[in-house]
Amino acid sequence: MAELFKNIYSTEFFEKFTAIVELHLPRFDRSAFLEQIYDDEWENRELKQRMRHISLVLKDQLSDDFEQNAEFILKIIPELREAGFRADKLEFIFLPDFVEIYGLKAYGTSVKTMEQLTQFVSCEFAVRPFVITYEKEMMAQMLSWSKHDHPAVRRLASEGCRPRLPWAMAIPALKDDPALIFPILENLKNDVSEDVRRSVANNLNDISKDHPELVVSLAKKWKGKRMKTDKLLKHACRTLLKQGSPEVMQLFGFGDVRKIKLEDLQILTPKVKIGESLEFSCKLINTARIPTKVRLEYGLYYQKANGTLSKKVFKISEKDYPESTSHIIRRKQPFKPITTRRFHLGRHQLSIILNGRESDRHDFELVG
């Protein structure tokens with residue numbers, strides 16, 4: 001069984017972390033710190049709850065002066081780097097979380113701290129309350145960060161103002177009007193860092209859920225200039241592609257599929273047990289006299305608790321189908337229990353989607 005992600009906070013982690021803290025904080029009480037960490041609720045806490053708990057317990061060992069505490073956090077970073085912790089450093093999200101909790105009223109100190117701290121562990125969650133509280137000042141700061149020398153700071157400029165960042169609070173003002181985001185993304189669209197460009201794509205994908213017309217307009221403006229930017233745009237428009245937006249389909253070369261015939265769609269497993277897979281097949285025929293670029297997807301309509309169906313789209317392929325050819329498509333869709341989806345027994349449905357055009361749905365049953 002895979003190790004639970006929340007267990008990145010192991011005994012070994014706390015031994016190494018507290019050893020470094022003791023070097024820079026003479027009053028640090030290691031025993032009291034660990035006793036508070038491993039309280040009666042520790043085992044029941046999930047990852048983000050553990051992060052917040054560590055932030056709160058750490059505060060009990062520090063002063064009431066946020067500037068002093070921020071200075072301490074930045075002072076230990078070089079030694080944390082040398083201590084050989086996990087490469088992604090996710091476990092240290094509690095340090096930005098500390099800034100989020102205790103630094104909101106110390107704007108200047110917090111901004112300077114996050115600029116340095118994010119070069120060690122991302123401040124993409126911590127910065128969001130600052131964007132909400134100090135929107136004008138923070139968006140100007142993030143525009144400045146978009147020209148920073150360090151890629152992690154440039155990434156924060158985009159990732160931190162995503163309207164719908166997963167795991168994080170949304171930013172309602174930017175969901176309503178993303179105008180302040182676009183100058184930042186303009187600065188970053190050709191960034192040398194792939195991580196930064198991916199953040200730009202994810203930000204645009206967030207925006208597309210509320211303002212698809214703005215993202216389509218921008219994609220038309222940016223497309224065709226650079227290969228890396230075109231790749232960014234494809235990722236940015238993934239939700240619009242799954243929704244079958246005709247403008248976006250055409251923008252990426254997915255055109256008319258009237259001469260693409262879909263035949264013999266079969267549900268090979270009309271009854272699927274939880275833990276097993278749906279299997280289906282179909283035949284795709286290109287009757288045109290020229291190759292046709294096809295984005296081939298399937299829609300799964302999951303049964304919900306109230307008996308209605310909820311659609312999720314999965315991609316099969318994107319490629320050119322040669323003229324006057326036929327192709328057998330066969331796929332499996334697992335129904336193994338996962339933490340992000342709860343399965344409900346009963347009628348489900350499947351459809352095939354060609355360049356955004358959806359076929360008739362076919363029923364299958366999920367059984368226990």
Notebook entry, point to check: Does any N or O in the side chain of T18 come within less than 3.5 Å of the main-chain N or O of E15, such that one atom is a donor and the other an acceptor?
Noted result: yes
Check: For S199 and E159, does a side-chain donor sit closer than 3.5 Å to a side-chain acceptor?
Finding: yes
Item checked: Results of salt bridge (Lys or Arg N to Asp or Glu O under 4.0 Å) for R289 - residues two or more places apart only -> none
Check: Should we say atom CZ of R164 is surrounded by more than 12 heavy atoms from elsewhere, each under 6.0 Å from it?
Finding: yes
Notebook entry, point to check: When you look at CG of D64, are more than 12 heavy atoms from neighbouring residues, nucleotides or ligands closer to it than 6.0 Å?
Noted result: no
Notebook entry, point to check: Short question: side chain of D230, backbone of G224 - any donor-acceptor pair under 3.5 Å?
Noted result: yes
Notebook entry, point to check: CD of E71: more than 12 outside heavy atoms within 6.0 angstrom?
Noted result: no
Check: In terms of side-chain geometry, is the basic nitrogen of K315 or E297 positioned less than 4.0 Å from the acidic oxygen of its partner?
Finding: no
Check: Donor-acceptor pair, T292 side chain versus A288 backbone, under 3.5 Å?
Finding: no
Notebook entry, point to check: Under 3.5 Å, side chain of D264 to main-chain N/O of C282, donor-acceptor pair present?
Noted result: no
Margin query: Is the terminal nitrogen or CZ of R154 (NZ for Lys, CZ for Arg) located under 6.0 angstrom from the six-membered ring centre of W145 and within 45° of that ring's axis?
Written below: no
Note to self: Quick check: do S351 and D360 have side-chain heavy atoms less than 4.5 Å from each other?
What the structure shows: no
Next item on the list: Indicate yes or no for a side-chain donor-acceptor contact from Q49 to the backbone of E46 under 3.5 Å, with no hydrogens or angles considered.
Entry: yes
Next item on the list: Evaluate the criterion side chain to side chain contact (heavy atoms under 4.5 Å, CB included) for residue pair V21 and F33; output intermediate values, then yes/no.
Entry: CA-CA 11 Å; V21 172; F33 176 82; over 6 Å; no
Margin query: Tell me whether R162 is salt-bridged to E124, with the criterion being a basic N under 4.0 Å from an acidic carboxylate O.
Written below: no
Checklist line | Backbone N/O of G244 and side chain of N355: donor-acceptor pair under 3.5 Å | finding: no
Note to self: Could you tell me if the side chain of L350 sits less than 4.5 Å from the side chain of Y298, heavy atoms only?
What the structure shows: yes
Margin query: Within the 3.5 Å criterion, strictly below it, is a donor on N306 or T308 matched to an acceptor on the partner's side chain?
Written below: yes
Notebook entry, point to check: Do the side chains of F66 and T109 get nearer than 4.5 Å, heavy atoms only?
Noted result: yes
Next item on the list: Using a cut-off of 6.0 Å, state whether more than 12 heavy atoms not belonging to R258 lie near its atom CZ.
Entry: no
Check: Do the side chains of Y321 and I285 join up, straight or via other hydrophobic residues, at under 4.5 Å, putting them in one cluster?
Finding: no
Next item on the list: For L300 and Q333, work out which heavy atoms get closest and say how close.
Entry: CD1-CG, 3.1 Å
Checklist line | Path from F335 to L345 over hydrophobic side-chain contacts below 4.5 Å | finding: yes
Item checked: Side chain proximity check, P129 to M169, heavy atoms < 4.5 angstrom -> yes
Note to self: We want to know whether N202 and R197 form a side-chain donor-acceptor pair, criterion being a heavy-atom distance below 3.5 angstrom.
What the structure shows: no
Check: Which heavy atom of S277 sits nearest a heavy atom of K332, and at what distance?
Finding: CB-CB, 4.3 Å
Item checked: Heavy-atom closest pair, residues M114 and V99 -> CG-CG1, 4.0 Å
Note to self: With a 6.0 Å cut-off (strictly less than), is the heavy-atom count around CD of E323, excluding the residue itself, greater than 12?
What the structure shows: yes
Notebook entry, point to check: Is the number of heavy atoms from other residues, nucleotides or ligands within 6.0 Å of NZ (K112) greater than 12?
Noted result: no
Notebook entry, point to check: Just by distance, do the side chain of R128 and the backbone of F125 share a donor-acceptor pair under 3.5 Å?
Noted result: no
Checklist line | E318/R295 ion pair, N-O < 4.0 Å | finding: yes
Next item on the list: Please tell me if the side chains of C237 and V215 come closer than 4.5 Å, counting only heavy atoms from C-beta onward.
Entry: yes
Checklist line | More than 12 heavy atoms from other groups under 6.0 Å of CD on E365 | finding: yes
Margin query: Applying a strict under-4.5 Å side-chain criterion to I, L, V, M, F, W and Y, I'd like to know whether Y9 and L56 cluster together.
Written below: yes
Notebook entry, point to check: Taking it one step at a time, do F280 and I352 satisfy side chain to side chain contact (heavy atoms under 4.5 Å, CB included)?
Noted result: CA-CA 10 Å; F280 62 93; I352 302 298; 3.9 Å; yes
Next item on the list: Go through the side-chain N and O atoms of Q36 and D60 and say whether any donor and acceptor fall under 3.5 Å apart.
Entry: yes
Checklist line | Heavy-atom side-chain proximity of D97 to S55 below 4.5 angstrom | finding: yes
Next item on the list: Evaluate side chain to side chain contact (heavy atoms under 4.5 Å, CB included) for S158 paired with L185, printing each intermediate quantity in order.
Entry: CA-CA 7 Å; S158 168; L185 304 187; 3.7 Å; yes
Margin query: Using a 3.5 Å distance criterion without hydrogens, assess whether the side chain of T229 forms a donor-acceptor pair with backbone atoms of N190.
Written below: no
Note to self: According to a hydrophobic-cluster definition based on side-chain heavy atoms being under 4.5 Å apart (Ile, Leu, Val, Met, Phe, Trp, Tyr only), do L251 and M227 belong together?
What the structure shows: no
Notebook entry, point to check: Would F254 and V294 count as a side chain to side chain contact (heavy atoms under 4.5 Å, CB included) if you check the C-alpha gap in whole Å, the side-chain angles of each, and the deciding distance to 0.1 Å?
Noted result: CA-CA 6 Å; F254 302 108; V294 176; 5.8 Å; no
Check: When you check the side-chain N and O atoms of Y38 and E43, is any donor under 3.5 Å from an acceptor?
Finding: no
Next item on the list: Would you kindly check if the NZ (Lys) or CZ (Arg) of K59 is within the cone defined by 45 degrees around the ring axis of Y102 and under 6.0 Å from the six-membered ring centre?
Entry: yes
Next item on the list: May I ask you to say whether E276 pairs ionically with K271, meaning some side-chain N is under 4.0 Å from a carboxylate O?
Entry: no
Notebook entry, point to check: Cut-off 3.5 Å, side chains only: do E79 and H24 have a donor facing an acceptor?
Noted result: yes
Notebook entry, point to check: Does one side chain, of R50 or H53, offer a donor that lies under 3.5 Å from an acceptor on the other?
Noted result: no
Check: Hey, is CG on D65 packed in by over 12 heavy atoms from elsewhere, all under 6.0 Å?
Finding: yes
Note to self: Check this for me, if you would: do D191 and K147 make a salt bridge, where the nitrogen-to-carboxylate-oxygen distance has to be below 4.0 angstrom?
What the structure shows: no
Notebook entry, point to check: Does the distance from a Lys or Arg side-chain N to an Asp or Glu carboxylate O, for E358 and K311, drop under 4.0 Å?
Noted result: yes
Notebook entry, point to check: Can you get from L156 to M139 by hopping between Ile, Leu, Val, Met, Phe, Trp and Tyr side chains that sit under 4.5 Å apart?
Noted result: yes
Item checked: Geometric cation-pi criterion R52 and F94, 6.0 Å radius, 45° cone -> no
Margin query: Between D210 and K175, does any NZ, NE, NH1 or NH2 come within less than 4.0 Å of an OD or OE carboxylate oxygen?
Written below: no
Margin query: Are I54 and F14 packed together at the side-chain level, in the sense that at least one heavy-atom pair is separated by less than 4.5 angstrom?
Written below: yes
Next item on the list: Report yes if the side chains of F130 and S110 come closer than 4.5 Å at any heavy-atom pair, otherwise no.
Entry: yes
Note to self: Treating H150 as the side-chain partner and A152 as the backbone partner, does any N or O pair qualify as donor plus acceptor under 3.5 Å?
What the structure shows: yes
Check: Does the ring center of H348 lie less than 6.0 Å from the ring center of F364?
Finding: yes
Item checked: Any side-chain donor near an acceptor of the partner, H148 and E115, under 3.5 Å -> yes
Next item on the list: Would you please say whether a donor-acceptor pair under 3.5 Å links the side chains of N205 and T239?
Entry: yes
Item checked: Closest contact, heavy atoms only, I132 versus A170 -> CD1-O, 3.7 Å
Notebook entry, point to check: Within the distance-only criterion (no hydrogens, no angle test), does the side chain of K242 pair as donor or acceptor with the backbone N or O of F314 below 3.5 angstrom?
Noted result: no
Margin query: Looking at every heavy atom in both L233 and A219, which two are closest together, and how far apart are they?
Written below: CD1-O, 3.7 Å
